[in-house]
Number of protein chains: 2
Amino acid sequence: MNHDSSLVNRLTDRLIAGELRPGDRLSEASLAKEFDVSRNTLREAFRVLGEQGLVTHIPHRGVSVASPSTADVVDIYRVRHHVECSVLEHAPRNHPNAAHMEAAVEAAAKFAAEENWLEVGTANMAFHNAVVSLSDSRRLARSFANVLAELRLAFLKVEVLDFLHAPFIERNREVIEVYRNESPAAAAAKLGTYLGDSERQVLGAYARAGQG
Amino acid sequence: MNHDSSLVNRLTDRLIAGELRPGDRLSEASLAKEFDVSRNTLREAFRVLGEQGLVTHIPHRGVSVASPSTADVVDIYRVRHHVECSVLEHAPRNHPNAAHMEAAVEAAAKFAAEENWLEVGTANMAFHNAVVSLSDSRRLARSFANVLAELRLAFLKVEVLDFLHAPFIERNREVIEVYRNESPAAAAAKLGTYLGDSERQVLGAYARAGQG
DNA sequence: GCGTCTATCTTTGTTCAACAATGCATGCTA
DNA sequence: TAGCATGCATTGTTGAACAAAGATAGACGC
């Protein structure tokens with residue numbers, strides 16, 4: 001089955017797994033051979049990834065793995081603030097998908113104990129995607145997932161997955177707690193401050209790495 | 001210049017202008033001939049439009065102009081509520097882009113006087129895109145623009161552009177007023193109720209048209 | 001040595017022709 | 001009329017080919 005979606009997924013997996021590092025050039029010829037598809041088919045997949053922001057396309061210079069700048073990081077956190085906080089604030093209490101949030105946090109805690117930071121990051125992404133899923137909007141969830149995937153490339157770029165994610169496991173747990181026992185609005189406020197802290201940490205890592 | 005972006009734009013223009021109606025099948029062969037590009041190039045453009053939600057792709061059955069269902073409309077309005085209201089609520093007072101909002105409303109009023117409802121709709125889209133531009137986030141603006149373009153297909157589907165847009169010109173003006181003279185939060189609340197009314201009207205039109 | 005210019009090479013952009021795979025329509029059979 | 005088989009049209013994918021733009025490297029003058 002060489003359906004395009006499958007090819008897009010295979011490429012996305014590699015990107016999120018960090019096998020293809022931010023900034024890496026993606027040669028059409030070599031990747032086509034590697035995935036055993038034609039150049040044309042690969043290019044169709046590239047368009048999708050480009051639209052999702054995972055890949056940067058420069059005319060006549062090909063595509064490369066997106067390498068988010070600090071400006072991109074700021075932009076991404078703006079999206080996160082607006083989307084995540086608004087969704088959480090207006091979420092009904094006891095939305096069934098809160099279970100997904102909880103499951104993601106527990107998964108993150110498990111992987112953190114194993115010091116498998118890549119998977120901690122994946123679980124963290126799942127947590128925030130679960131938050132947005134409280135909106136019951138497929139479109140919002142999809143767009144947001146794209147933005148989060150792009151943010152993961154930012155993490156991979158500065159290569160500091162551990163301490164960026166570790167402190168937030170407990171804070172995510174608290175968000176669930178407040179959402180369940182106090183109010184969605186209070187949880188949204190809490191999440192907002194956490195996002196602000198997270199953004200600051202990422203930008204700090206960028207500054208230390210000397211990256212633009 | 002047969003750059004893909006240009007092809008995507010040409011296709012998007014046709015979609016938004018209503019030349020290609022929702023549900024219309026887009027034959028690769030005939031469109032390739034019409035735009036004088038190869039099938040492969042056209043297919044790359046289709047991927048982009050599919051990712052943007054303007055076009056529906058069913059394997060081995062080709063692409064057709066997206067024909068939003070009532071469920072899609074509801075989903076789209078969920079996005080609108082979360083994004084537009086959140087952005088407006090947290091927008092700084094006197095954001096320079098408020099001028100864009102104002103310009104869009106005046107354009108809409110002008111076209112309404114000419115009873116050019118298609119352009120009124122375009123101006124209305126511009127207004128709401130301007131609202132989201134207050135977030136200063138390119139990503140949010142892009143994703144939102146895609147969703148609005150999809151919503152326009154919903155309008156075209158039920159073919160009632162006039163009364164769907166007309167009443168909202170004045171209400172948009174009021175939103176600007178409140179944003180400027182009262183507070184962004186109050187403006188966001190006002191916009192929220194307007195969006196609710198708008199959604200109800202569109203769904204009503206769907207019901208009358210007997211569309212799913 | 002250094003920068004610049006040009007020639008060459010590599011990669012992308014696009015087209016075309018071919019064939020496989022799938023879905024659709026037609027007409028046949030019962 | 002319902003169900004089925006056959007043929008037809010469209011999409012999915014490939015490979016080769018060439019044009020076009022950028023990257024590289026060597027020659028040249030200073």
Side-chain angles (χ1 to χ4, degrees), chain A residues 1-15 19-69 142 150 153 212, chain B residues 1-15 19-69 142 150 153 212:
Chain A
M1 209 216 330
N2 256 342
H3 269 135
D4 198 61
S5 58
S6 155
L7 180 55
V8 168
N9 287 342
R10 278 193 285 170
L11 282 164
T12 305
D13 287 347
R14 288 219 181 178
L15 289 174
E19 294 174 37
L20 300 171
R21 299 285 314 283
D24 282 1
R25 275 199 63 212
L26 301 178
S27 153
E28 294 187 353
S30 46
L31 267 187
K33 199 160 70 178
E34 187 173 339
F35 283 100
D36 198 36
V37 295
S38 74
R39 267 182 67 212
N40 285 319
T41 302
L42 184 67
R43 284 168 60 86
E44 288 187 20
F46 277 170
R47 299 288 174 182
V48 175
L49 296 175
E51 195 62 26
Q52 293 178 348
L54 287 178
V55 132
T56 301
H57 176 205
I58 302 176
H60 290 285
R61 288 214 265 152
V63 307
S64 40
V65 182
S67 182
S69 66
R142 264 182 61 88
E150 210 180 337
L153 294 184
Chain B
M1 201 208 347
N2 255 340
H3 269 150
D4 198 61
S5 58
S6 155
L7 180 56
V8 169
N9 287 343
R10 279 194 285 171
L11 282 165
T12 304
D13 287 346
R14 288 220 180 177
L15 290 174
E19 295 174 37
L20 300 171
R21 299 284 316 280
D24 281 1
R25 275 199 64 210
L26 300 179
S27 154
E28 293 187 355
S30 47
L31 268 187
K33 198 160 70 178
E34 188 173 338
F35 283 101
D36 198 36
V37 295
S38 75
R39 269 182 66 212
N40 284 321
T41 302
L42 185 67
R43 283 168 59 87
E44 288 186 20
F46 278 170
R47 299 290 173 180
V48 174
L49 295 176
E51 195 63 24
Q52 293 178 348
L54 286 178
V55 131
T56 301
H57 176 204
I58 303 176
H60 289 285
R61 287 213 266 153
V63 308
S64 40
V65 181
S67 182
S69 67
R142 265 183 61 89
E150 209 180 337
L153 294 183

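Lettering follows sequence order; numbering is per chain, from 1. Bear in mind that the values here come from a model prediction, so they are computed numbers and not experimental data.
- Contacts of B/Arg14 classified as side chain to side chain donor-acceptor pair (under 3.5 Å), with partners at least two apart in sequence or in another chain: B/Glu34.
- Look at CD1 on B/Ile58: it is 12 Å from C1' on D/dT11, rounded to the nearest Å.
- If B/Ser38 and A/Ala29 are placed on DNA chain C by their nearest nucleotide, the residue sitting closer to the 5' end is A/Ala29.
- Taking both residues in full, the closest heavy atoms of B/Gly23 and B/Ser67 are given as N-CB, 3.9 Å, listed atom of the first, atom of the second, then distance.
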Can you name the atoms? Protein N/O to nucleotides 17-25 of chain C N/O, anything below 3.5 Å, with the distance.
| unit_1 | atom_1 | unit_2 | atom_2 | d |
| --- | --- | --- | --- | --- |
| C/dC24 | OP1 | B/Arg61 | NH1 | 3.3 |

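- B/Arg39 meets the salt bridge (Lys or Arg N to Asp or Glu O under 4.0 Å) test with B/Glu28; sequence neighbours excluded.
- Regarding B/Phe46, its CZ atom lies at a distance of 8 Å from the P atom of D/dT11, rounded to whole Å.
- At least one donor-acceptor pair under 3.5 Å links the side chain of B/Thr12 to the backbone N or O of B/Val8.
- Separating the CG atom in A/Leu26 from the CZ atom in A/Phe46 is a distance of 5.0 Å, to the nearest 0.5 Å.
- Rounded to a whole Å, the CG atom of B/Leu7 is 9 Å from the P atom of C/dT15.
- OP1 or OP2 of C/dT15 has at least one side-chain nitrogen or oxygen of B/Thr41 nearer than 4.0 Å.
- Spacing between atom NZ of A/Lys33 and atom P of D/dT13 amounts to 21 Å, rounded to whole angstrom units.
- Side-chain N/O atoms of A/Ser27 include none lying less than 4.0 angstrom from OP1 or OP2 on C/dT11.
- Spacing between atom CD of B/Glu44 and atom C1' of D/dT11 amounts to 16 Å, rounded to whole angstrom units.
- A/Arg25 CZ to A/Leu20 CG: the interatomic distance, rounded to the nearest 0.5 Å, is 13.5 Å.
- Proximity of A/Arg43 to the phosphate of C/dT12: no side-chain N or O atom is located under 4.0 Å from OP1 or OP2.
- A donor-acceptor distance shorter than 3.5 angstrom exists from the side chain of B/Asp24 to the backbone of B/Arg21, with no hydrogens or angles considered.
- Dashed line: the shortest gap from a side-chain N or O of B/His57 to OP1 or OP2 of D/dT10 is not under 4.0 Å.
- Look at B/Arg25 and you'll find a side-chain N or O under 4.0 angstrom from OP1 or OP2 of D/dT11.
- The distance between atom CZ of B/Phe35 and atom P of C/dT14, rounded to the nearest whole Å, is 15 Å.
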